[in-house]
Amino acid sequence: MNQQLKTTIFRGLLFSFLAGSISSIAVLMILDSQTPNFHEDGTPKMNCFPGLGYAIIIIIHLFFVVGNSLTFLHLFKKFRENKILSFISYFGVSLLYLGLLLENAPEFSKEEFLILIPWIQFLVWAFYYFKICKIVNSKL
């Protein structure tokens, strides 16, 4: 059972990172293509950090991979059997991030707010949570 849990958690981390990163970068590319490159008087805008948004997205997703690696605590029986510890080890970092982001929500524009929340990564990660719960419940 431990080997099956390890592979499922590792796949969940990998797929959630890849799906979240690709979708967030695609959304950022769409938003970047809609912003004009010139001011209203015709002078070009100076963009000193054109790749910074993409780097921030990748760093956010890497943060979630490292934080969500707490899910490997499911290998211990104490965490598998306790529903609260199971949920916190799976979604604790995500809930902490969302809480901090919502606390600072007035400082962000709508576009920034949508980009900073990795929606697809949360969905994939929730899918793997239910998959892990199914594996644990079938082995008990």
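All residue numbers in this chain count up from 1 along the given sequence.
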Pairwise side-chain contact, Phe91 with Leu98, heavy-atom cut-off 4.5 Å (strictly under): no
Close side-chain approach of Leu5 and Val136, heavy atoms under 4.5 Å: yes
Atom of Gly20, atom of Ser23 and distance for their closest heavy-atom approach: O-OG, 3.1 Å
Sub-6.0 Å ring centroid separation between Phe122 and Phe64: yes
Shortest non-hydrogen separation from Leu28 to Gly53 and the atoms involved: CD2-C, 3.5 Å
side-chain contact (heavy atoms from CB on, under 4.5 Å) partner of Ile57, chosen from Leu52, Val27, Ile25: Ile25
Hphob cluster co-occupancy, Ile60 + Val66, side-chain heavy atoms under 4.5 angstrom: no
Side-chain heavy-atom pair Leu85, Phe76 within 4.5 angstrom cut-off: no
Cluster overlap Ile9 with Phe87, hydrophobic side-chain contacts below 4.5 Å: yes
Leu13 side chain near Trp125 side chain, heavy-atom distance below 4.5 Å: yes
Contact summary for Phe10 and Phe72, nearest pair of heavy atoms: N-CZ, 4.3 Å
Polar side-chain atom of Ser86 near backbone of Asn82 as donor-acceptor pair, under 3.5 Å: no
Verdict with reasoning, Leu70 to Phe79, per side chain to side chain contact (heavy atoms under 4.5 Å, CB included): CA-CA 11 Å; Leu70 290 173; Phe79 282 86; over 6 Å; no
Check: Phe127 and Phe15 side chains under 4.5 Å, non-hydrogen atoms: no
Reported CG-to-CZ distance for the pair Asn137 and Arg80, which is rounded to 0.5 angstrom: 11.5 Å
Tyr54 reachable from Ile59 in the ILVMFWY side-chain graph, under 4.5 Å edges: no
Phe17 side, atom CZ; Ile22 side, atom CD1 - distance, nearest 0.5 Å: 9.0 Å
Heavy-atom neighbours of Leu100 CG exceed 12 at 6.0 Å: yes
Straight-line distance of Leu95 CG to Leu102 CG, nearest 0.5 Å: 10.5 Å
Approximate separation, where rounding is to 0.5 Å, of Lys83 NZ and Ile88 CD1: 14.0 Å
Arg11 vs Thr8 side-chain heavy atoms within contact, under 4.5 Å: no
Any Ser21 side-chain heavy atom under 4.5 Å of Ile58 side chain: yes
Transitive ILVMFWY side-chain link Met29 to Leu18, under 4.5 Å: yes
Between OH on residue Tyr128 and CG on residue Asn68, distance to nearest 0.5 Å: 13.5 Å
